[in-house]
Amino acid sequence: MDPNVRRQILLDHYQNPSHHGLTEDPEYIKINTNNESCIDNLDILYKIKDGVIEDICFDGEACAISTSATSIMIEKLIGKTVEEAKELLKNYEAMINEESYDSEILGELNAYDEIYRQPNRKKCALLPFESLKKVLNQIEK
Amino acid sequence: MNREDFTILQQDPNLIYFDNSATTLKPKKVLEKITEYYNQYTANAHRGDYDNSLRVDEEYEKVREKVQKLIHNPSTKEIVFTSGATDSLNMVVFGFMRYHLCPGEEVLITKAEHASNVLPWMRLKEETQIEVNYIPLENHQVTIENVKKSITPQTRVISLAHVTNVLGDERPIQEIGKLCKERGIYLVVDGSQSVPHLPIDVQKLGIDFLAFSGHKMLGPTGVGVLYGREDLLEQLVPTRLGGGMNASFDSEGTVDYKSLPSRLEAGTPNIEGVLGMGAAIDYLLDVGLETIHQHEIELKKYAVERLSQIPNLELYNKDIENGMIAFNIQGVFSQDTAVYLNHYHICVRAGNHCAKILKEDLNIKNTCRISFYLYNTKEEIDELVRVLEKSEDIFKVVL
Ligand SMILES: Cc1ncc(COP(=O)(O)O)c(C=O)c1O
């Protein structure tokens, strides 16, 4: 990806994140990211019904990488089935960890395909997906 | 000052190390002392009758005298080597306070304390139903008035950092010490950020227990000190048991402990660490802690003067006289700023600095923190200013 295009995607999502702002609706499951990182503190709320992700929203304080990745992840996930979410998660993690993956299904998330060059930022890029993993585990219990 | 003594600065002339509150660089003398021990007289401490072993004992005990000089206390019995400030504080809480506080009695701390001076108290509270309460901060700082107001008939302990690792503010320990003495309150002081940077006199300050780490004062990691008043240390129940701390024991379970301070140093100690810390103390006393303190204050004055002229920069502790600066670039998350500075080889810390409950008081959750030490220079500050002045391209660099 062209570095300018990449930067523009991240910056747009950082400065104007999608689905930003929390809801009080009790149907949402809240996952806080503070456990995974000492500094990034995001609440991500998921509404999952009958195996479909109906809505997600988030709020909190975090770096540009985590915030933009959260915004893009949410856009990719809304309307998807849990199975599709797992597929996205698998491919995204593979990309971050420099394994083989299907770039087709990642869309704008491909903007993080060179994060491995900055190992200290891999955690930031993975942060929203850690919360996704947690919520998927929770609903399976 | 003294940059030539630090190999890392010689090898990497671009490095600008501004994270001295986290840990400090090590001078050659410290590393030489450690290799001297391994190359010339490796042996365990307190064990043998051969020359090298005796040499180890001698070197090891000499470090106690150095610590004594550093904190101006009269007795080497009152100096215990630990693995660091965290270890020292845990010993105070679980070896002493656990046996001296009753349910309902109170420990006063603040919301700006490091986790190592909060979590042990929280655990003790769970275990023994003591109370842990917070002295309110005034403009993020501890005032003697607020200490007075917070003390109740139940107050048995006040436990504070001498200098905080968040804003670098110094607490009025001597006045608090006087209050504590008058009212029979134990004063526990976390000296992690003060002992490396200022002259300290534990007696003048009225400190009952003092904890600090070697690695924040030019020494190696994994070693530190617990100072305690002798009559109190005598009552400190060893939290670790093993070799080196017992005089005798039998199969019936009758144990006779050694006298202070060995009783509180079970197991093979961190010998290289203690010796390295000794070399660090020599080094600090040679340069002079007052000289170091003044140097840091001067660097901060210079830095604040220059940084204040950068329009989009927020400085949180301008007026506190010390060697620490907490700041943010407006609208930029602190971690992004730290990553940006790293691009220019400038090391700073982003975060809440392990004082997680401070955010309840301070409206800023995270900051970038710069902390100076003797080897930092005005030229390094100039470079910091140059980089921050052109921070409008920050996302070009970090994304
Ligand atoms: C104020 C304060 N107290 C305690 C500690 C803990 O020190 P250590 O991790 O060396 O035990 C630190 C270090 O970060 C500190 O800054």
Side-chain angles (χ1 to χ4, degrees), chain A residues 1-17 20 22 32-43 58-73 96 108-128 130, chain B residues 15 19 21-23 86 113-116 118-119 165-166 312 314 316 326-369 391-399:
Chain A
M1 194 180 278
D2 173 74
N4 286 318
V5 175
R6 174 199 323 277
R7 187 175 308 127
Q8 204 49 50
I9 293 175
L10 302 198
L11 208 48
D12 285 348
H13 280 275
Y14 176 53
Q15 290 172 334
N16 295 298
H20 192 249
L22 300 182
N32 181 279
T33 62
N34 220 357
N35 284 348
E36 308 302 330
S37 143
C38 184
I39 176 161
D40 298 290
N41 187 6
L42 295 177
D43 284 327
F58 82 106
D59 204 352
E61 269 206 334
C63 70
I65 303 268
S66 310
T67 307
S68 57
T70 306
S71 167
I72 301 175
M73 179 190 83
I96 300 291
E108 278 191 324
L109 289 170
N110 282 300
Y112 302 91
D113 64 356
E114 286 193 6
I115 279 287
Y116 67 86
R117 290 169 185 252
Q118 307 176 66
N120 57 341
R121 312 236 60 192
K122 274 165 75 168
K123 252 173 101 170
C124 307
L126 284 170
L127 191 79
E130 292 298 329
Chain B
L15 177 71
D19 193 17
S21 293
T23 198
T86 301
E113 300 312 307
H114 187 272
S116 56
V118 179
L119 299 181
N165 62 318
V166 186
N312 60 343
E314 292 176 35
Y316 300 107
F327 73 99
N328 273 321
I329 302 176
Q330 262 165 27
V332 178
F333 191 61
S334 62
Q335 190 186 16
D336 289 322
T337 305
V339 170
Y340 171 70
L341 292 175
N342 173 54
H343 186 77
Y344 299 95
H345 315 285
I346 303 174
C347 312
V348 304
R349 193 67 144 201
N352 49 37
H353 316 300
C354 290
K356 294 200 182 226
I357 45 185
L358 183 65
K359 61 176 183 271
E360 296 170 15
D361 249 49
L362 209 74
N363 252 337
I364 31 166
K365 290 184 190 131
N366 290 300
T367 61
C368 283
R369 180 187 71 188
S391 71
E392 70 274 6
D393 75 347
I394 183 166
F395 289 112
K396 269 208 176 115
V397 173
V398 303
L399 290 180

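Chain letters run A, B, ... following the sequence lines, proteins first and then strands; every chain starts at 1.
- If you measure heavy-atom distances from A:Tyr14 to chain B, the contacts under 4.5 Å come from the side chain alone.
- Considering every non-hydrogen atom in both B:Val398 and A:Ile65, the closest pair reads O-CD1, 4.4 Å.
- Using a 4.5 Å cut-off between heavy atoms, B:Thr337 makes no contact with chain A at all.
- Looking only at side-chain heavy atoms (C-beta outward), A:Asp40 and B:Phe333 come within less than 4.5 Å of each other.
- Taking CG from B:Asn366 and SG from A:Cys63, the interatomic distance works out to 10.5 Å, rounded to the nearest 0.5 Å.
- Taking both residues in full, the closest heavy atoms of B:Asp336 and A:Ala64 are given as OD2-N, 2.7 Å, listed atom of the first, atom of the second, then distance.
- Smallest separation of non-hydrogen atoms from B:Val339 and A:Gln118: CG1-OE1, 4.4 Å.
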Pair B:Gln335-A:Arg121, side-chain contact (heavy atoms from CB on, under 4.5 Å): steps then yes or no: CA-CA 10 Å; B:Gln335 190 186 16; A:Arg121 312 236 60 192; 4.1 Å; yes

